[in-house]
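Here's the structure we're looking at; comments come further down.
One-based numbering along the sequence shown. Note that the structure is a prediction, hence the values are computed from the model and not measured.
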Amino acid sequence: MYFPFMRGKQFELAALQEISNIIQGKCVPVIEPVKKNIKRLETAITALNTNNIVPIVIINPEIGELRGLSKELQLLLSANKKLQYIPCIKYAGNITQLKSIDLQNHAIYVESGISHEFITHITAHPPIYSLLPETSPQTAIKSVKNIIIINDPFQKKKRNADYPSKS
């Protein structure tokens, strides 16, 4: 299964909406919303849901207009009772943040901060999915259930002209 990371931008959400019938059973998008107006996000999630896809939505985004507004985002999303999505917590080492959340109804996206205490906590309270960087310690990778290993294999170039004409 493929879990692409998407920003909740206009054209990325429109693309998800358009291909939702094609990616059914092959892909679960991970969406980090960036705009306070979530109408396009709702429309994309509805299209995905119509095709039996339940996306993962980061509810504490760290970029865009929703940075630091996780409670507001959760209220906006929960207002539409028809939306089916997996709320995802972005984690960067604050174990106290995790202890106040029912992880069994969430996914967790780990940016950094994998410690013994973290592993112990999510082993005792397994989230729906645990998205860990491929550079995570092997003890974490072996201990965590429902793990998704994330990486970015795209080799970035300084200029567009530096890319080959054919991929």
Side-chain angles (χ1 to χ4, degrees), residues 1-114 118 121-134 136 140 144-152:
M1 184 70 72
Y2 180 53
F3 293 80
F5 277 72
M6 318 283 288
R7 297 282 189 234
K9 294 181 179 179
Q10 175 182 351
F11 294 113
E12 289 184 0
L13 294 173
L16 277 177
Q17 186 177 346
E18 286 184 34
I19 65 168
S20 62
N21 62 333
I22 298 169
I23 63 173
Q24 181 180 11
K26 301 173 188 165
C27 178
V28 176
V30 179
I31 305 168
E32 184 170 13
V34 294
K35 297 285 186 187
K36 283 184 183 177
N37 183 345
I38 65 162
K39 287 294 180 199
R40 290 195 186 273
L41 176 62
E42 289 177 321
T43 302
I45 292 173
T46 299
L48 292 165
N49 291 167
T50 300
N51 290 288
N52 299 316
I53 300 168
V54 179
I56 298 170
V57 178
I58 295 173
I59 58 173
N60 61 335
E62 295 185 354
I63 57 164
E65 297 172 356
L66 291 166
R67 182 179 186 179
L69 300 176
S70 61
K71 289 182 181 176
E72 290 85 342
L73 176 58
Q74 290 175 59
L75 287 172
L76 290 169
L77 288 170
S78 64
N80 186 339
K81 302 289 184 208
K82 295 179 183 177
L83 292 181
Q84 295 178 356
Y85 64 94
I86 298 170
C88 181
I89 303 298
K90 211 175 207 185
Y91 174 80
N94 183 357
I95 195 74
T96 307
Q97 170 194 27
L98 290 186
K99 290 183 177 179
S100 64
I101 297 167
D102 177 15
L103 287 179
Q104 294 176 348
N105 294 316
H106 287 74
I108 182 168
Y109 165 44
V110 178
E111 287 189 310
S112 63
I114 296 178
F118 168 81
H121 184 72
I122 67 167
T123 302
H125 309 282
I128 297 171
Y129 294 114
S130 297
L131 293 86
L132 302 180
E134 70 177 341
S136 299
V144 176
K145 294 182 178 167
N146 297 326
I147 189 170
I148 298 165
I149 303 294
I150 55 175
N151 70 354
D152 184 3

For residues 27-34, which side-chain N or O atoms pair as donor and acceptor with protein atoms under 3.5 Å away, sequence neighbours left out?
residue: E32; atom: OE1; partner: R7; partner atom: NH1; Å: 2.5
residue: E32; atom: OE1; partner: K90; partner atom: NZ; Å: 3.1
residue: E32; atom: OE2; partner: E62; partner atom: N; Å: 3.0
residue: E32; atom: OE2; partner: K90; partner atom: NZ; Å: 2.7

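- Interatomic distance, OH of Y85 versus CG of N80, reported as 9.5 Å (0.5 Å rounding).
- Remark: of the listed residues I101, T96, I95, I95 is the sole one forming a side-chain contact (heavy atoms from CB on, under 4.5 Å) with K99.
- Counting all heavy atoms, side chain and backbone alike, P133 lies closest to V110 at CD-O, 3.2 Å.
- Using a 4.5 Å heavy-atom threshold, the side chains of Q104 and P126 count as touching.
- The backbone N or O of I128 lies less than 3.5 Å from a partner atom in the side chain of N146, making a donor-acceptor pair.
- Listed here is the closest heavy atom pair of L98 and H121: O-NE2, 3.6 Å.
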Quiz: residues 65-77 side-chain donor-acceptor pairs under 3.5 angstrom, not counting sequence neighbours:
residue: E65; atom: OE1; partner: K36; partner atom: N; Å: 2.9
residue: Q74; atom: NE2; partner: S70; partner atom: O; Å: 3.3

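- Residues F118 and I108 approach most closely at CE1-CD1, 3.7 Å, considering heavy atoms.
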Can you give the donor-acceptor pairs under 3.5 Å from side chains of residues 40-51 to other protein atoms, not counting sequence neighbours?
residue: T43; atom: OG1; partner: K39; partner atom: O; Å: 2.9
residue: T46; atom: OG1; partner: E42; partner atom: O; Å: 2.8
residue: N49; atom: OD1; partner: Q84; partner atom: N; Å: 2.8
residue: N49; atom: ND2; partner: I45; partner atom: O; Å: 3.4
residue: N49; atom: ND2; partner: I53; partner atom: O; Å: 3.0
residue: N49; atom: ND2; partner: Q84; partner atom: O; Å: 2.8
residue: T50; atom: OG1; partner: T46; partner atom: O; Å: 2.8
residue: N51; atom: ND2; partner: S20; partner atom: OG; Å: 2.9
residue: N51; atom: ND2; partner: A47; partner atom: O; Å: 3.1

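- Taking I149 as the reference, E134, I141, I147 meet the side-chain contact (heavy atoms from CB on, under 4.5 Å) condition, with sequence neighbours excluded.
- Residues passing the ring-ring contact (aromatic ring centres under 6.0 Å, His included) test with Y129, sequence neighbours excluded: F3.
- Rounding to the nearest 0.5 Å gives a distance of 13.5 Å between OH of Y109 and OG of S130.
- Residues meeting the side-chain contact (heavy atoms from CB on, under 4.5 Å) test with N105, sequence neighbours left out: D102.
- Here the CD-CG distance, from Q10 to N37, works out to 10.5 Å after rounding to the nearest 0.5 Å.
- When every heavy atom of F5 is checked against every heavy atom of L131, the shortest pair comes out as CZ-CD2, 3.7 Å.
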